[in-house]
Amino acid sequence: MNEWNGETYHGRPVTKASSFDWKVSTYIFILGIAGSAQIIAGVANRDSGLARQARWLALSGSILGPLILIRHLKTPSRWYNMLRIARPTSPMSMGSWLLAAFGGLSALSVVGDLFGRRWPFARRVADTAQGPAAMAGAGMSVYTASLLSSTSTPLWAAAPTPLAAQFGSAAMAGAASALALLQRRDGQDDVARRLERLAMLAGGVEAVSAQAAKAQWARAGIEPAKKPAAMIEGGGTIAGFLLPFAAQALGRAIGGRAATLMPEAASIAMLLGSATMRHGVLLAGNESAKRPQDVFRTTQR
């Protein structure tokens with residue numbers, strides 16, 4: 001293969017940018033939180049308020065997320081037609097099956113909450129479904145990163161492992177933050193604080209993963225455009241870790257009402273940052289697809 005020396009065909013794009021927009025980034029955000037919420041439900045006490053809220057959050061996301069995705073596809077049959085085949089080499093095909101399984105298992109996992117007191121069999125069904133639901137949730141937290149990385153879009157394809165770690169940790173941070181807000185509303189401050197620590201740990205992993213992705217992009221000669229780069233950095237590292245860390249520390253230092261308000265602000269910042277980061281990654285990928293230099297650089301690796 002001849003070495004590429006910077007030539008392009010009159011600067012015209014080699015690949016076509018995806019049609020992914022805010023609806024797809026919102027879908028990724030919601031399903032990531034739903035998936036990680038199901039993981040939390042799997043390790044929480046079965047009858048605790050946290051487990052119930054996590055199961056319902058997972059089910060809600062498994063319903064809302066596909067509705068937004070179908071809105072993007074415009075033709076509903078495009079989604080369920082994917083279930084006519086199972087192609088292990090296709091992240092799209094496997095993702096469709098994973099989404100269907102996650103939705104079904106999430107529905108079964110809340111059966112015990114609805115009917116468990118009246119019918120013991122319903123509780124057994126829910127308990128049986130919880131383990132597989134949590135495993136499917138782990139897949140939902142990261143599969144969208146695999147889907148993006150398997151495309152010919154240079155920025156997404158250049159850093160598959162850091163991107164998966166970034167999406168997965170952001171999903172856990174978002175789920176823990178959302179559940180912490182719900183637990184504080186219910187007066188369960190001790191549980192909320194544990195969830196906030198989990199969110200901070202996941203936010204730290206996200207920040208490290210973001211830097212790893214940035215380093216791999218640099219090695220591949222790909223630089224995100226300014227706006228999406230600011231969204232990735234601002235959403236993932238600043239709003240996803242630094243601001244929440246500062247808010248938590250400030251709340252502990254001041255005490256009183258601030259000890260509650262500042263952690264809540266930190267949780268909200270993490271949720272907003274997680275959504276912003278994902279949208280920034282989508283925008284940055286589409287911008288890189290329009291630059292023929294990025295495409296040629298990745299093909300030389």
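Keep in mind that this is a model prediction, so the values were computed, not measured. Start at 1 with the first residue, then count along the sequence.
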Treat each ILVMFWY residue as a node, draw an edge where side-chain heavy atoms are under 4.5 Å apart, and state whether [X] and [Y] are in one component.
X    : Y    : result
I68  : L59  : no
L163 : M172 : yes
L67  : W56  : yes
F20  : L64  : yes
L99  : I39  : yes

Hey, could you give me each pair passing ring-ring contact (aromatic ring centres under 6.0 Å, His included) that has a residue in residues 88-116? Not counting sequence neighbours.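 Listed by first then second residue: F115-W119.
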Just wondering, do [Y] and [X] contact through their side chains at under 4.5 Å, heavy atoms?
X    : Y    : answer
R185 : L182 : yes
I40  : L198 : yes
S18  : T151 : no
M94  : L147 : no

List the atom of [X], the atom of [Y], and the distance in Å for their closest heavy-atom pair.
X    : Y    : result
A51  : A41  : O-CB, 4.0 Å
A210 : T237 : CB-OG1, 4.2 Å
A54  : A37  : CB-O, 3.3 Å
G65  : L31  : CA-CD2, 3.3 Å
A178 : L57  : CB-CD2, 4.2 Å
T153 : A289 : CG2-CB, 4.3 Å

Test: side-chain hydrogen bond (donor to acceptor under 3.5 Å, both in side chains). Region: [range]. Which pairs qualify, not counting sequence neighbours?
range            : value
residues 130-143 : Y27-Y143, S36-S141, Q38-Q130
residues 192-202 : R184-E196, D190-R193
residues 241-266 : none
residues 157-174 : none

I would like to know whether E206 and S209 meet side chain to side chain contact (heavy atoms under 4.5 Å, CB included); could you show each step before the answer? CA-CA 5 Å; E206 179 188 355; S209 301; 5.6 Å; no
Is a donor on one side and an acceptor on the other found under 3.5 Å between the side chain of [X] and the backbone of [Y]?
X    : Y    : result
S25  : W22  : yes
S267 : P263 : yes
S106 : G103 : no
W156 : V281 : yes

Determine which pairs satisfy salt bridge (charged side-chain N to carboxylate O under 4.0 Å, His left out) with at least one residue from [range], sequence neighbours left out, and list them in order.
range            : result
residues 96-112  : none
residues 13-24   : D21-K23
residues 127-154 : R46-D127, R123-D127

What distance do [X] atom [atom1] and [Y] atom [atom2] have between them, rounded to the nearest 0.5 Å?
X    : Y    : atom1 : atom2 : value
Q183 : L195 : CD    : CG    : 6.5 Å
N45  : L50  : CG    : CG    : 9.5 Å
L272 : M277 : CG    : CE    : 13.0 Å
K214 : E223 : NZ    : CD    : 8.5 Å
D113 : D47  : CG    : CG    : 8.5 Å
Q216 : I222 : CD    : CD1   : 10.5 Å

Which residues end up grouped with M262 if you chain together Ile, Leu, Val, Met, Phe, Trp and Tyr wherever their side-chain heavy atoms are less than 4.5 Å apart?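 Direct or chained contacts put M262 with L250, I254.
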Do the side-chain N and O atoms of R278 and S274 include a donor-acceptor pair separated by under 3.5 angstrom?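 Yes, a side-chain donor-acceptor pair sits under 3.5 Å.
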What pairs with [X] under side chain to side chain contact (heavy atoms under 4.5 Å, CB included), at least two apart in sequence or on another chain?
X    : answer
A259 : none
F241 : M200, A207
P228 : A225, L283, A284

Just do the side chain to side chain contact (heavy atoms under 4.5 Å, CB included) check on I33 and L271 with the steps written out, would you? CA-CA 9 Å; I33 287 179; L271 286 166; 3.7 Å; yes
